Structure formats: C-alpha cells, structure tokens
Protein chains: 2
Amino acid sequence: MSVQARRVTSSDPVTILEIAAEVLTAQPGASLADVAAAAGVGRTTLHNRFPTREALLLALAHDSLDRCADATMNAGVHGVDETTSRAELQAILTRLVHAYIPLGPRLDFLLQQPRAAVDETLQARIPELDAPLERFIAHAQQADLIAPDLPPWWVVGTLYSLTYSAWDHIASGNLAPREATPLTLRTFLKGCGL
Amino acid sequence: MSVQARRVTSSDPVTILEIAAEVLTAQPGASLADVAAAAGVGRTTLHNRFPTREALLLALAHDSLDRCADATMNAGVHGVDETTSRAELQAILTRLVHAYIPLGPRLDFLLQQPRAAVDETLQARIPELDAPLERFIAHAQQADLIAPDLPPWWVVGTLYSLTYSAWDHIASGNLAPREATPLTLRTFLKGCGL
DNA sequence: CCGCGCTTGAACACTCATGTTCAGAACTAT
DNA sequence: ATAGTTCTGAACATGAGTGTTCAAGCGCGG
C-alpha cells in the first residue's frame, strides 16, 4: 500500500529511510554524513538517492505518513459503518494501538518537523490521516464504546498521545512491549469511554 | 522560587528566554540571529547574555525545568500525606493540570532536546521533577482516587501526555483555553481512576 | 571477457551559523 | 553635565554542513 515501489538493492532506500528516521529523530540536527554513516552507506550514495537534505526529510515524512496510513488501513478502520458491532470496533481499536505503538519514532519525527517548512503535499496528507480515525471514533460513539459528548478530535488526540507515551516508556525501559497495548487500551477506553 | 534572580533591564534575560523558547520550539534549527531578531535584540547582546548557543539552550532548559518545578510546588503537590482528603487531592490535581497546560512549549522544548547532548546537571533534575509527582500519585492511589494497580510512572506519563495534547489542541485552535483543564482532567481521572 | 550500472572516497567550492572584536550610540545614575 | 554601563551594528575569521564533480572499485549480466 506504500506509495513508493522501488526495486530492492543491497542498501535500498527503504532501509536508509528507516535508519535516517532513527538518527534524525534522536538528533534533529544530525549531518547527512552522520546519516550516511549510520546507514552504512557513502555520503555520495545518499546524495544520489536524495539530492538534497530537504528531499530526504520530505521522503522521510511521506514514508512516515505511509506507515501510519498502512497501520490505519490494516486495522480495518475503513470498513466500519452503523452495523459494526461493539466487539468488532474494540478489536479494530486494539489492532490500531498495537500497530501504532512501534511507529513512535515516526510520529516523533513528524511532530518535530517545523510546520512552516512543510510543503503543501505533506500538509494536505495530515487531515487525510486523521479523518478516517475521526469517522471511526464517531461510529464508536454511536455504538456506545466512546463517550458521545467528547469531540472526536479530542478522542483521536488522546489516542495519539497515549500511544506515544507508551512508546516513550518502552524506549526508556520502563514498559515491556507486551504490556504496552493492553495498558494503553485500558487507559484510553476508560478515559474516553462511557 | 526560580534559581536565577537577575536584575531586570529593558530586555531582561527572562523575556529573551521566553521568546527563545517559542522560536526554538517552533523551529529547533533556528539561528541565533533569528532568536535575537524575534526578541527584538541585537545578536551581540544575545551573545553577551549567553556566550554560546549551548549556553542558551542550557539556560532555556533550566528555566523550563524551573517553571515545571514551580507549577508542581504551587499546586501543593508536596503537602500531601496519608491524611489528605480525596477532595483536596483532586483540587491539587486540578491546579496541577491548569498550571501545566501553558507550559506546553516548554515541555515540547525539553522533549526535543537530544538526550545525549544534555549535561549532567540537567539530566539529574528530571527525576527530581517526576519523583514528587509519583509520590503524589501514590497517595492518590491510597485515597482511591487513582487505580492502585497502575504503575505511578504510567499515571504520570498519562498526565503529561494528556496535558501536552490539550496544549496542542489549544495551539491549533481546536480547543478553547477555558475548556482545556476540565476536558483534560475528566479524561485523565476516568482513564486512570477506579 | 567486457561493458554497464551502482557505489565509493576524495577533493573542491560554496553557503551559512557561530563566535569575536570594536567603535559608536543610548541610557542611567551621580 | 559627565562618567560608567549597556546595547547595537558592522566587520571579520573560523568551522561545519552541503552540494558537486570525478576517477577508481565492485558486482553482475550479456
């Protein structure tokens, strides 16, 4: 479902983006030489793949958005309507949280991006990512899974922030990955539930 | 209660830090010239106040931590013990959330700081900031205000992330400042309550 | 075997942030 | 008014990151 479908080489762009995400998230001011070194690639090669620094940041942002969109899609958020059962809605929510927690570094990167410098195509994708989630929340409210008086954007924001918090605790060694999803889900469902 | 007590001039360091926080949070890579311009101050003056960029970042981090410590202190977190009533605990929590929400940019700044580059004195202050909160949460658990099976660090993390989320919604224009505290409190208390 | 593509390290010029110095302006207190 | 302090703009040297070019190395298929 990813936008980019390039052929795979020994050090393919996807891997480079993966590592670039880690490096640039940990240290937003890292030089391209640092990124190339971390990816085990020559600086020239990095420039061949991504002509400018901004191109790399842009590709990284789009890739991060792709992953979020994939996670949303795979959880089954798009398949809900008025007839979807409460149990099914909760199952989707579980898959959603489970898929989003590992995306912590990517969410971190997206949040760190200065909004002014972000280009239009990127700016336009953020609402596209939130909209299906808010629709899903609206359905969950109709099914009495989520408190109906809460604004959907607040519920989605709560979901994001709790998920990010869970990833942060995992990264700092406090939280075992296996316990992250149930803990996050419990806090979210009680916090935004009836 | 702040560590620093300098004399006040027309463009005192506190104001500079205030504006530097905004600028550097919005754009972490902003140049010192940008900061100086935003503060309405010559670049030379900025260099007189903070000899190096790192000195500015360090002062900013310490100032941010000061504000957080002040907010915690003023909310009355330190005065609790086993005899504190549930109502009083909840009142403290309310003051805490209310005081922390405006600190959003500062929390953002502290989180963006690459952990490796942070010096020791700064590193040591973070646990000093969390410890009283966790103690407070432990008391709230004994008073049946917070679910006793949740780890205090998770509860504190939830409090932080919801507060940050509230500030984010205010900044993006979704949420009216007056409604931020009750909304955050409600979500938190239900999420981490019994 | 040979050519083709990709990678790589080195070298280069260029830009920009940084830190420093200095002399003049503005402001304050005596 | 005057001396002392601070602020300010300008200029400069320095260093680091960036983008470019090029020649050499390597793998792979024809």
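Note: hydrogens, waters and symmetry copies are ignored here, and every other heavy atom, side chains too, is used. All chains are named by letter (A, B, ...) in the order of the sequence lines, taking the proteins before the strands, and each is independently numbered beginning at 1. Because the structure is a prediction, the values reported are computed rather than measured.
- Checking dT21(D), dG17(D), dT8(D) against the side-chain heavy atoms of S31(A) singles out dG17(D) as nearest.
- When the P atom of dT18(C) is taken as reference, atom CZ of F50(B) falls 14 Å away, rounded to whole Å.
- When each of dG19(C), dT7(C), dT8(D) is scored by its nearest atom to the side-chain atoms of T45(B), the top-ranked nucleotide is dT8(D).
- Closest to the side chain of T44(B), out of dT8(C), dC7(D), dT21(C), is dT21(C).
- Side-chain to base pairing of R43(A) with dG17(D): no donor and acceptor N or O lie closer than 3.5 Å to each other.
- The existence of a salt bridge linking R125(B) and D66(B) is confirmed by a sub-4.0 Å separation between a basic side-chain nitrogen and an acidic carboxylate oxygen.
- Across the protein-nucleic acid pair, R53(B) atom CZ and dT20(C) atom P stand 15 Å apart, rounded to whole Å.
- Ion pairing between a basic and an acidic side chain is recognised when a charged N comes within 4.0 Å of a carboxylate O; R135(A) and D81(A) show no such pairing.
- What separates CD1 of I16(A) from C1' of dT8(C) is a distance of 13 Å, to the nearest Å.
- One interatomic measurement links the two molecules: CG of L56(A) to C1' of dT18(D), which rounds to 13 Å at whole-angstrom precision.
- Salt-bridge annotation for E18(B) and R106(B): present, with a side-chain N of the basic residue lying under 4.0 Å from a carboxylate O of the acidic one.
- Residue whose closest nucleotide on DNA chain D sits further toward the 5' end, between G42(B) and A33(A): G42(B).
- Between the CG atom of L89(A) and the NE2 atom of H139(A) there is a distance of 8.5 Å, given to the nearest 0.5 Å.
- Dashed line: the shortest gap from a side-chain N or O of R49(B) to OP1 or OP2 of dC7(D) is under 4.0 Å.
- One interatomic measurement links the two molecules: CG of N48(A) to C1' of dG9(C), which rounds to 13 Å at whole-angstrom precision.
- For the pair H47(B) NE2 and dT8(D) C1', the interatomic distance rounds to 13 Å; values are reported in whole Å.
- If you check dT18(C), dT7(C), dT8(D) against the side chain of L32(B), the one that comes closest is dT18(C).
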